[in-house]
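Structure, as structure tokens:
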Amino acid sequence: MNVQRSTSEPAAAAAAVAVPEATPALDAAGRKGSGPGKGAALVPVALVVAGGLSVQFGSAVAALLMPKAGALGVVTLRLAAAALILLVVCRPKVRGHSRADWGTVLAFGVAMGGMNTLFYQALDRIPLGIAVTLEVLGPLALSVFASRRLINVVWAGLALVGVVLLGGGGFDRLDPVGAAYALGAGAMWAAYIVFSARTGRRFPQADGLALAMVVAAVLSLPLGIWESGAKLTVPSTLALGAAVAVLSSVLPYTLELMALRRLPASTFAVMMSLEPAIAAAAGFLILNQALSTTDALAIALVIGASMGAVRSQTGARKKR
């Protein structure tokens, strides 16, 4: 994220599930900025992959920080650092906005804070790859409901099979509380997608994103202080928290924005569906979280379902 986004700024996540209200602007931006050469076509793809790697490896670093600062403390450090960076870079205007504008950015901030808080609670209990796989079910469900096409029911069923495999027939193997947190994070991710698109239409550049990040940081602050207290002020902890903010928020947003200027949203959405696989790799390389064959198959099913849902919805839009 050069955090100077277009008016559809936070809708990068919306593109990940091809939400109809957010995708057209991104499609136009992708076509307008795409280059003719084969090398130029690979640049935005590389940017998206780099963004995904940054997000998931940032989550892995956050997992390493949790024993020092706790899950809620890590959330507070990440959101507070990201908010400060965005405020300095974007310098959002706070005047001239309607009550509806502020209501939208408030809802966006609540969704963002809830998504991060629930996901980090899940990450504290279950492997990173599995947590992201369960979380991505939220955007997938939103895509299915938004499309209202029978084929997407098939994709939803495929994802459900993957979830059953992850649970091994019952979520006691995974830690049911961690799985519930991940599913809750997915529901908040769906809300994030809806309100990010609305915020992007109401606020210029990245102003809405910066203001929503402040809301999320303020909401998380009491929880982080309650759980971690003075631990949050340890210099090494602050440094790692800032690293998590850059890796998980600022850097990937910049890379995604650069990619969306030259990449169709449908292609971007399919690539975002690979996030669970990237998360599994990050968990294995940094956290030594090896997956069983069944877990790998379950993640592959959810990825396939997400890609299928995006493709079928994109095809329906083209026909219309």
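Heavy-atom basis, side chains included; hydrogens, waters and symmetry copies ignored.
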Might you point out which heavy atoms bring [X] and [Y] nearest each other, and give the distance in Å?
X: Glu227; Y: Ala69; value: OE1-O, 3.8 Å
X: Ser228; Y: Gly70; value: OG-N, 4.1 Å
X: Ala100; Y: Arg202; value: CB-NH1, 3.6 Å
X: Leu238; Y: Leu232; value: CD2-O, 3.0 Å
X: Pro276; Y: Thr133; value: CB-OG1, 3.3 Å
X: Ala82; Y: Ser249; value: CB-CB, 4.0 Å

Check whether any side-chain heavy atom of [X] lies under 4.5 Å from a side-chain heavy atom of [Y], and answer yes or no.
X: Met115; Y: Glu135; answer: yes
X: Tyr181; Y: Leu123; answer: no
X: Leu87; Y: Pro92; answer: yes
X: Leu183; Y: Leu137; answer: yes
X: Tyr120; Y: Arg78; answer: yes
X: Leu247; Y: Val55; answer: no
X: Lys231; Y: Lys68; answer: no
X: Phe119; Y: Asp124; answer: no

(message) Between Val132 and Ile299, does the side chain to side chain contact (heavy atoms under 4.5 Å, CB included) criterion hold? Intermediate values first, please.
(response) CA-CA 9 Å; Val132 174; Ile299 291 174; over 6 Å; no

(message) Counting only heavy atoms from other residues, nucleotides and ligands, does the tally under 6.0 Å from CH2 of Trp102 exceed 12?
(response) yes

Counting distance only, does the side-chain N/O of [X] pair as donor-acceptor with the main-chain N or O of [Y] below 3.5 Å?
X: Thr76; Y: Ser220; answer: yes
X: Gln56; Y: Ala280; answer: no
X: Thr117; Y: Gly114; answer: no

(request) List the steps, then state whether side chain to side chain contact (heavy atoms under 4.5 Å, CB included) holds for Leu77 with Leu65. (result) CA-CA 10 Å; Leu77 288 174; Leu65 183 58; 4.3 Å; yes

(request) Determine whether the aromatic ring centres of Phe108 and Tyr192 lie less than 6.0 Å apart. (result) yes

(message) Can you confirm whether the side chains of Asp101 and Thr104 place a donor and an acceptor under 3.5 Å from each other?
(response) no

(message) Let me check something: do Leu118 and Leu72 share a hydrophobic cluster, defined by ILVMFWY side-chain heavy atoms less than 4.5 Å apart, either directly or through other members?
(response) no

